[in-house]
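Let me begin by presenting the structure, written as structure tokens, before commenting on it.
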Amino acid sequence: MSHSDISNAGVAALLYETAELLELSSENQFRIRAYQKAARIIDGLGKNAAAMSREELLAVNGIGKGIAAHISAIKETGAFPELEELRKKFPPGLREMLKVEGIGAKRARLLYEKLGVDSPAKLRAAARSGEIEKIEGLGEKLQENILAGSACLPAGRERVHGAPARMLYWPALKLAGELIKELSLLGFERAAYAGSLRRGRETVGDIDLLAAGRPDGSATGRFAKLEQVERVLALGPAKASVRLKAGIQCDFRIVPGGVYGAALNYFTGSKEHNIVLRELARKKGLSLSEYGLCRLSDAEQKYPLAAKTEQEIYEALGLQFIPPELREGAGEVELASKKLVPELVTLADIKGDAHNHTDFSDGQNSMEEMVRAAAECGFSWYFAGDHSKPLGVVHGLDFKEYSSTRDELSALASRFPALKLGRSIEMEILKDGSFGFTDKEAAGTELVIGAVHSSFKLAETAMTERMLKAMQNPYLDAVAHPSGRLIGRRDPAGALDYPRLFQAAARTGTAFEINGQPDRQDLTDLTARMAGEAGVKILLSTDAHSAGQLAYMSIAVTVARRAGLTRKDILNSLSYGDFCEWIRERRSRALKGSR
DNA sequence: GCCGTTTTCGGCCCGACTGTTTTCAGTCG
């Protein structure tokens, strides 16, 4: 059996597993770190590690003879001898226990050897029966924390024990905004959110807040007493961790104003990004921490070379500034050292939205209200949209209704002179890939954005074929939310063959959407990156179902930034005239191609 | 296990907080 087509993520998972098992074995920590580092590097590698030659692998910094040999064994057997030996030493549940808060390798092994505890469930049972506090080195408090940690599940959300529920980006952003407002009322002049929220991750596991001030204990104390706080997890002079009533953890850190930039950089992460930066600093005879970039000789960190702003830290390391959205430790530091970080699209580049809804279908606001909101949020063009038939539950429009409501839109034009108006349709892509409109009707529709809302459960190949068939229609200008996922509620359509879809889209000129609805974010950062690399144009959409939801454009922009996209990739950066020209031209090319 | 414009041996990212100790290991991010 061959495993030569194993993905980089698959190889990385095996190396991470090895690292965890080595930790349980109390191995040399630097050996463990070498495995973690190799896993991280392979996960972020541009090409498939299993397909690389030994020489190519050895040329990668962080991969040596040992790991290269492991990879070659993985290709043959799906694992490697050392890993298989380690797997025999510990029951698999022990690795699950490491996910429990307060349990690391040392304690997991201790509990296994003394009590035979080898799963999170047995751990809880042992805590309940009071066996844990009897073990030397452990105590009553740990026992309580194990039980408390599994007890405080946020209402209405499920989670695997030890893996806290994650919150969507948008509500987390709102919550962080609220907390920062509270902090400013408490007298903090400078406060910001950092962490995965600042990196724009689609969901966040906690909220990281940073403030400038004196770490004398009074600041963290005041933070811990905020009304939003449910329970204090840790409280020191420089740092406080709490669980919020909203059901998510919040870490608050306070640093002197003079090192605010260094702290913001450290606290924004990711962990992987920080490690790469710190290793780079080491190589230059420097040391990087949340207190600044210092010479190694300056052990007290009294004379930082850079600390005030993030910008000066990257500069002092010989790097281009790296926007937070790219700080995942996936090759961005190398890119920055070559001055190749792309100039990411910003909200200011966005001139309009094309996918949204009025109360003609399932929107909450009238066409006039939507248009007014679009004008107020500074767009220079706006395609007012609605669902097409035959989506009955949301009053999908037929072509006649499309045309009459188009006339209604035209009548609004004189009242909003700064806004150029168009009418779009979110076109049903039926089970066989055909449209809810005839070709002639589609030709008479200004902008066709195709979407699937039924028969999600097609087999992987069938769903891909359905989309490919739809793309053969010359009037399909863009594809909306292709995976159909609703984060936390509906899984993405069984692995779509994205490379094939994007190849086809590049050929037909069909754009793909990044949907900005908080629970969609579809394309994702990863698939949007693939689309961009394949040369597919991207349409950012609010999919607004009410006037207020036009603000979701900033979510779509954030996903696009994480995907490394520039304004050139994004159709919304075109002027109204150029956008209409893009539609006209792609349709005429597609018509020629289909003949 | 990996690495080297000080090194092929001796280093390896850095700091905060807790709990159980009695000066620090373990955990976390």
Any side-chain donor near an acceptor of the partner, A/Glu76 and A/His3, under 3.5 Å: no
N or O in side chain of A/Arg282 less than 4.0 angstrom from B/dC14 OP1/OP2: yes
B/dG11 versus B/dT7 - spacing of their C1' atoms, nearest Å: 9 Å
Minimum-distance nucleotide to A/Ile67 side chain [options: B/dG1, B/dC17, B/dG26]: B/dG1
Cationic tip of A/Arg327 above A/Phe321 ring, under 6.0 Å, 45° of axis: yes
Any A/Tyr291 side-chain nitrogen or oxygen under 4.0 Å from OP1 or OP2 of B/dA16: yes
Shortest side-chain distance from A/Ala234, nucleotide among B/dG29, B/dA16, B/dT18: B/dT18
Phosphate-side-chain proximity, A/Lys271 and B/dG29, N/O vs OP1/OP2 below 4.0 Å: no
N/O (side chain, A/Ser287) to phosphate O (OP1/OP2, B/dC14) under 4.0 Å: yes
Position toward the 5' end of DNA chain B (nearest nucleotide), A/Arg278 or A/Lys283: A/Lys283
Pairwise P distance, B/dT21 and B/dG26 [rounded to whole Å]: 13 Å
Pairing partner of B/dT8 (Watson-Crick or G-U wobble, both distances under 3.5 Å): none
Check: B/dC12 base within 3.5 Å donor-acceptor of A/Arg33 side chain: no
Between P of B/dC2 and OH of A/Tyr35, the distance in whole Å: 7 Å
A/Arg166 and A/Thr203: side chain donor to acceptor below 3.5 Å: yes
Test: A/Arg190 cationic atom under 6.0 Å from A/Tyr260 six-membered ring centre, within 45° of axis: yes
Of the listed nucleotides B/dG19, B/dC13, B/dC2, the one nearest the side chain of A/Lys141: B/dG19
Below 4.0 Å: OP1/OP2 of B/dC2 and any side-chain N or O of A/Arg31: no
Same-atom distance (C1') from B/dG10 to B/dG19, integer angstrom: 34 Å
Between B/dT18 (P) and A/Glu140 (CD): distance, integer Å: 17 Å
Nearest listed nucleotide, side chain of A/Arg107, among B/dT18, B/dT27, B/dA16: B/dT27
Rounded interatomic separation in angstrom, taking CD1 from A/Ile146 and P from B/dT27: 11 Å
P atoms of B/dC13 and B/dC2, separation to the nearest Å: 15 Å
Length of the line joining A/Ile32:CD1 and B/dC13:P, which is rounded to integer Å: 13 Å
Protein-nucleotide distance (A/Glu101, atom CD; B/dC28, atom C1'), rounded to Å: 9 Å
Span that lies between the C1' atom of B/dC12 and that of B/dT20, in whole angstrom: 30 Å
Mutual orientation of the aromatic rings belonging to A/Phe223 and A/Phe252 [parallel < 30°, tilted 30-60°, perpendicular > 60°]: parallel
Euclidean distance, atom CG of residue A/Leu142 to atom C1' of B/dC28 [Å, nearest integer]: 14 Å
Toward the 5' end of DNA chain B, by each residue's nearest nucleotide, A/Pro237 or A/Leu286: A/Leu286
Aromatic plane relationship, A/Phe80 with A/His70 - under 30° parallel, 30 to 60° tilted, over 60° perpendicular: parallel
Separation of the P atoms in B/dC3 and B/dT8, to the nearest angstrom: 16 Å
Same-atom distance (C1') from B/dT22 to B/dG29, integer angstrom: 28 Å
